[in-house]
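Computed from heavy atoms alone, side chains included, the values below leave out hydrogens, waters and symmetry copies. Residue numbering restarts at 1 for every chain, and letters A, B, ... go by the order of the sequence lines.
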Number of protein chains: 2
Amino acid sequence: MLRARLLKIEQKRARSDPLPQTDAPYTDSFEFKVESSGSKPKARRLDHHFSLDSTEQVSSPLKDSSRSARDPSKPPIITLGTARPAPHFFPWTSLSMEGLPHNHFAKVGADSAPVSMGSINGENAYNLSIAMSYGYSAGSPQVLRFATEHVELVHNPPYDDWECCITCGTTSAMEIAFRVLCNRGDWVLLEGYTYPGTIAAANAQGLRTMGVEMDNDGLSPQHLRSILEGWNESKGRKPSVLYMIPSGQNPTGTSQSAARRKDIYRIAEEHDLYIIEDDPYYFFNLGESLDSEDGPTTPEVFLSRLPPSYLSLDTSGRVLRMDSVSKILAPGIRCGWVTASSQVIGKFVSQTEAGVLSPSGPSQVMVYKLLDETWGHEGLLWWLVHLSAQYRQRRDILFRACQKYLPLEICQCDLPKMGMFLWIQVSLSAHPLAGDRSASDIEDSIYNAALDNGVLVSKGTWFAQCKNQSGYLQFRLTYAAAEEIDLTKAVERFAVAVRAEFQLGETPPV
Amino acid sequence: MLRARLLKIEQKRARSDPLPQTDAPYTDSFEFKVESSGSKPKARRLDHHFSLDSTEQVSSPLKDSSRSARDPSKPPIITLGTARPAPHFFPWTSLSMEGLPHNHFAKVGADSAPVSMGSINGENAYNLSIAMSYGYSAGSPQVLRFATEHVELVHNPPYDDWECCITCGTTSAMEIAFRVLCNRGDWVLLEGYTYPGTIAAANAQGLRTMGVEMDNDGLSPQHLRSILEGWNESKGRKPSVLYMIPSGQNPTGTSQSAARRKDIYRIAEEHDLYIIEDDPYYFFNLGESLDSEDGPTTPEVFLSRLPPSYLSLDTSGRVLRMDSVSKILAPGIRCGWVTASSQVIGKFVSQTEAGVLSPSGPSQVMVYKLLDETWGHEGLLWWLVHLSAQYRQRRDILFRACQKYLPLEICQCDLPKMGMFLWIQVSLSAHPLAGDRSASDIEDSIYNAALDNGVLVSKGTWFAQCKNQSGYLQFRLTYAAAEEIDLTKAVERFAVAVRAEFQLGETPPV
């Protein structure tokens with residue numbers, strides 16, 4: 001099945017024209033989809049969802065002119081038009097890198113040497129001169145092609161006119177998405193605990209954020225429905241945007257089940273909500289339990305176990321999915337991609353043209369050389385299988401340490417099934433000064449004591465949108481950053497801080 | 001003099017602590033300035049200039065926490081805090097590049113081989129692991145140090161608390177500057193003909209733009225003053241931002257004289273205007289005439305001949321200067337820097353945190369390895385001397401071709417002293433259908449005929465903010481992009497299109 005789909009990608013490429021070899025070439029996902037257009041219904045028009053900024057947005061005449069200059073029926077054009085320096089004025093002549101080889105992780109314990117990859121001036125695959133010149137705002141054809149194929153392989157959106165756009169990373173994409181979809185003063189719905197960067201990005205634009213309650217399966221459809229059905233216009237315009245991190249949610253580590261996703265999508269349809277699906281942890285699938293050792297997984301099995309993304313459920317074209325390479329490759333690359341209907345991507349590209357313009361050329365070269373030229377789609381999937389196994393191991397260590405060291409009479413944490421976060425809830429009722437000391441003072445005190453002991457954790461209040469969990473404090477622990485051998489020590493230090501604050505005495509020796 | 005200042009930079013570096021070796025290290029320009037603080041007056045507070053968005057902006061608690069974790073008096077911290085993947089999860093192990101060596105262009109006809117530069121995991125100069133992780137929004141210390149030293153060397157701002165911030169290129173910086181300084185509906189003043197990207201960026205935020213008339217010296221102080229003195233509040237709030245491209249202006253090629261700059265700065269002081277100085281062509285100093293061959297120039301002489309930047313005149317801290325590497329190195333890098341007072345840079349960094357986050361790590365590595373490690377400040381100046389000579393040669397070819405082929409009875413162009421643009425004004429009065437055919441139809445017709453003949457130029461109307469030059473058409477020609485040997489041919493083709501439209505017959509054989 002996977003093999004057949006990978007073959008279709010290869011065949012499609014073999015049938016296609018070579019990628020354009022001009023500066024800032026216009027490109028779009030339709031050139032790269034394996035399934036030909038027409039077999040699926042079109043996305044709904046969403047004009048009423050666009051912001052004032054986005055409705056007024058027009059495209060640049062200069063950029064349009066450089067696009068029209070590509071007409072092959074005319075004589076070769078000498079350009080005295082756009083102000084792009086000639087490539088021989090670029091002082092770098094090659095860009096190369098070493099990285100892990102294809103299928104390095106297909107075998108357990110593989111230890112092959114890094115392979116060299118590079119881009120030089122004049123090469124066909126990714127001409128360095130073109131990478132170093134101005135780029136088109138939807139990304140280079142090289143990277144957009146890979147992203148489009150990947151999205152079709154993994155998500156296969158159920159409507160016809162979906163497209164991808166390469167971004168400068170998800171923080172940038174989020175800013176743009178809010179600018180496209182919201183006006184100052186609008187409400188954005190999001191999980192009751194969520195990534196502070198999202199809240200900051202929304203607030204930075206004068207948007208108001210409202211948290212939806214959560215349970216062990218993530219955002220609660222009941223509460224979402226009750227907010228929307230009971231909306232009082234005196235608070236402002238009824239929310240039309242729902243932002244979620246559905247897999248390995250930041251900070252709670254919860255992952256929405258397939259049924260949960262379908263319920264929420266149905267509510268979005270009923271209330272005409274636009275969904276922003278921020279899914280950087282989607283590929284960190286860690287398994288449902290500590291003990292079930294499934295053994296080495298193949299890409300095919302790995303893909304089959306992933307929950308359906310909102311994009312894959314999106315029959316109407318009301319989802320903007322944001323993918324990032326920050327967690328699966330490296331954050332310094334500042335690249336990712338978004339997928340949505342052509343109408344929304346068109347607005348997204350216009351907004352990019354008047355802002356970040358395009359992702360870094362060197363970053364795009366690195367992504368292309370590794371993902372496309374060296375690994376291929378299958379190699380990337382092997383890498384994700386490997387990473388998931390690594391994160392699973394780290395999760396298990398951290399979780400076992402929590403079971404061992406935390407005072408479980410007051411601390412509760414669930415095993416995260418996806419992602420990189422463990423969420424600890426501490427019951428306040430057992431605190432010696434319960435009622436006399438504020439929850440936020442107790443949180444500060446534990447946080448600072450943990451830091452004094454040599455472990456940095458994140459406070460729950462940094463992520464809190466609704467304050468309804470009043471009997472609990474929360475802390476987010478990530479197993480992504482620390483060295484594996486330090487994870488247990490770190491939890492031990494954190495546990496000492498919690499015990500001291502609650503006057504619970506030392507950890508019993510095991 | 002230059003030698004002494006370069007030595008002071010070296011001495012300052014030798015006295016300083018090594019650059020921080022942690023992820024996303026906090027950094028600012030004060031660590032890198034040669035002149036110690038306190039010898040100059042502080043910038044004025046500009047609270048009343050900030051937008052609603054910027055006034056409401058707060059910094060991120062998560063980012064602050066990762067900053068506070070650097071306290072060296074505490075035991076080594078294990079981080080379960082910020083969600084940065086551990087560096088061994090990054091699949092690239094080295095990044096290297098080849099580029100032109102130091103002082104390559106110090107001697108005429110030099111032809112040395114490219115040198116190799118590279119970054120690997122664990123190195124001190126620019127640890128690849130750190131470059132590939134999340135970065136701080138003001139840029140990496142490596143690049144910020146170089147930019148700060150460069151700005152002090154070239155502009156030496158006359159107030160104390162100036163700072164730089166590394167940007168994702170000037171288009172991104174412009175979007176951020178407008179967001180920091182303007183609210184929806186505000187008026188921005190700019191040159192009557194200007195870069196359409198600026199107009200698009202302003203309009204994309206719901207800002208209104210108003211062109212100030214220009215003469216051969218650029219923006220007219222008289223017209224600027226008359227706009228401000230005669231402002232009628234029924235049009236909206238009096239403009240508080242003036243955007244300019246003072247050197248080699250895009251599209252007119254004009255450069256403001258030192259006296260002009262001082263006049264305009266004085267008006268800005270009187271009317272409390274904030275100045276955005278967009279100066280990507282500053283270092284393309286081409287000389288005042290075609291014939292005066294000054295011979296090879298040294299960096300010292302080169303610097304002494306540059307006009308004073310607004311930043312260098314800015315006693316109050318009312319200038320945001322935007323520098324770009326797009327024209328002097330390569331646009332695909334998507335990096336540049338802005339310089340302004342600490343108060344403005346603080347807002348700029350906050351806005352960056354809620355948007356583009358930080359420039360690409362690989363791009364910053366490339367800039368550091370070339371500019372700092374390989375070239376140094378002097379090497380960069382030699383490169384700029386070289387580039388200016390190259391552009392001068394191209395300007396001369398294009399200008400001579402214009403003199404030779406254009407119908408000078410209706411076409412007028414001045415020799416640009418800086419930059420990469422030649423501006424042609426075509427008098428409409430001699431057109432056979434003058435009065436019956438619209439200027440914009442005639443412009444279209446020439447543009448399309450030129451394209452048919454194989455040359456792309458830019459229409460004046462793409463840049464026009466004020467329509468007061470009613471008796472003329474304008475075209476912008478750039479000598480940056482085309483091959484040198486094509487420049488003359490291109491002008492010849494353009495001239496054929498102009499002559500045909502005006503029924504002037506063939507170019508007389510020379």
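Listed options A:G355, A:S172, A:A490 were ranked by heavy-atom pairs under 4.5 angstrom with chain B; first place goes to A:G355. Highest contact tally toward chain B, considering only A:G99, A:S363, A:P91, A:P362, is held by A:P91 [criterion: heavy-atom pairs under 4.5 Å]. Between chain B and the residues A:L387, A:T198, A:L52, the largest count of heavy-atom pairs under 4.5 Å involves A:L52. Ranked by heavy-atom pairs shorter than 4.5 Å toward chain B, the options A:K327, A:K489, A:Q364, A:E483 are led by A:K327. In terms of non-hydrogen atom pairs under 4.5 Å with chain A, the most contact-rich of B:A201, B:S54, B:P251, B:S360 is B:S360. Residue with the most contacts toward chain B among A:C168, A:S51, A:S133, A:G206: A:S133 (heavy-atom pairs, distance under 4.5 Å). No other option in A:M174, A:K459, A:R394 has as many heavy-atom pairs under 4.5 Å with chain B as A:R394.
Across all non-hydrogen atoms, the minimal contact from A:L80 to B:L487 is CD2-CD2, 3.9 Å. Contact detail for A:A86 and B:A481: the closest heavy-atom pair is CB-O, 3.7 Å. Closest non-hydrogen pair, B:A482 versus A:I78, comes out as CB-CG2, 3.6 Å. The two atoms that bring A:L456 and B:T79 nearest to each other are CD2-OG1, 3.5 Å, heavy atoms only. Here the closest non-hydrogen pair linking B:P331 and A:P85 is CG-CD, 4.0 Å. Listed here is the closest heavy atom pair of B:F89 and A:Y391: CD1-OH, 3.3 Å.
In this structure, chain A has heavy atoms under 4.5 Å from both the backbone and the side chain of B:L329. Heavy atoms closer than 4.5 Å to chain B are found nowhere in A:F178, neither backbone nor side chain. Only the side chain of B:P114 comes within contact range of chain A, with heavy atoms under 4.5 Å apart. With a 4.5 angstrom heavy-atom cutoff, A:F494 does not touch chain B via any of its atoms. At a 4.5 Å heavy-atom cutoff, A:S129 makes no contact with chain B through either its backbone or its side chain. Contacts of A:Y479 with chain B are absent, with no heavy-atom separation under 4.5 Å from either backbone or side chain. Within the 4.5 angstrom heavy-atom criterion, only backbone atoms of A:A131 (N, CA, C, O) approach chain B. Using a 4.5 Å cut-off between heavy atoms, A:P87 does not touch chain B at all. Residue contact with chain A, scored on non-hydrogen atoms closer than 4.5 Å, is absent for B:I130. For chain B, the nearby parts of A:I333 are the backbone and the side chain; heavy atoms of each come within less than 4.5 Å. Looking at B:F475, there are no atoms closer than 4.5 Å to chain A (heavy atoms on both sides), in backbone or side chain. No part of A:T167 comes within reach of chain B, as not one of its non-hydrogen atoms sits under 4.5 angstrom from that chain. Interface remark: B:P359 contributes backbone atoms only to the contact with chain A (heavy atom separation under 4.5 Å). Looking at A:L398, only its side chain comes within 4.5 Å of chain B, counting heavy atoms on both sides. Proximity to chain A involves both the backbone and the side chain of B:S326, based on heavy atoms less than 4.5 angstrom apart.
B:Y134 is linked by a ring-ring contact (aromatic ring centres under 6.0 Å, His included) to nothing, counting only residues two or more places apart in sequence or in another chain. Applying the side chain to side chain contact (heavy atoms under 4.5 Å, CB included) test to A:K369 and every residue at least two apart in sequence or in another chain returns A:M97, A:M117, A:S119, A:E123, A:A125, A:Y126, A:V365, A:E373.
Atom CG of B:L370 sits about 13.5 Å away from atom CZ of A:F90, to the nearest 0.5 Å. The structure places CD of A:Q205 at 8.5 Å from CD of B:Q351, a figure rounded to the nearest 0.5 Å. Atom OG1 of A:T478 and atom CZ of B:R84 lie 11.0 Å apart (nearest 0.5 Å). Atom CZ of B:R179 and atom CZ of A:R179 lie 3.0 Å apart (nearest 0.5 Å). Going from atom CG of A:N121 over to atom CD of B:E98 covers 10.5 Å, rounded to the nearest 0.5 Å. A distance of 11.5 Å separates CD1 in A:I77 from CG in B:D486, rounded to the nearest 0.5 Å.
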Quick one: do A:R334 and B:L357 satisfy side-chain contact (heavy atoms from CB on, under 4.5 Å)? Show the steps, please. CA-CA 9 Å; A:R334 303 320 302 140; B:L357 197 56; 3.2 Å; yes

Given the rule in the side-chain contact (heavy atoms from CB on, under 4.5 Å) test, do B:H88 and A:E484 qualify, once you have shown the distances and angles that lead to the verdict? CA-CA 11 Å; B:H88 63 262; A:E484 213 168 284; 5.8 Å; no

Between B:R184 and A:D53, does a side-chain contact (heavy atoms from CB on, under 4.5 Å) hold up when you go through it step by step? CA-CA 9 Å; B:R184 199 174 173 81; A:D53 281 7; 2.3 Å; yes

Kindly indicate, with the supporting measurements, whether the criterion side-chain contact (heavy atoms from CB on, under 4.5 Å) is fulfilled by B:M132 and A:M366. CA-CA 11 Å; B:M132 297 303 279; A:M366 290 181 76; 3.8 Å; yes

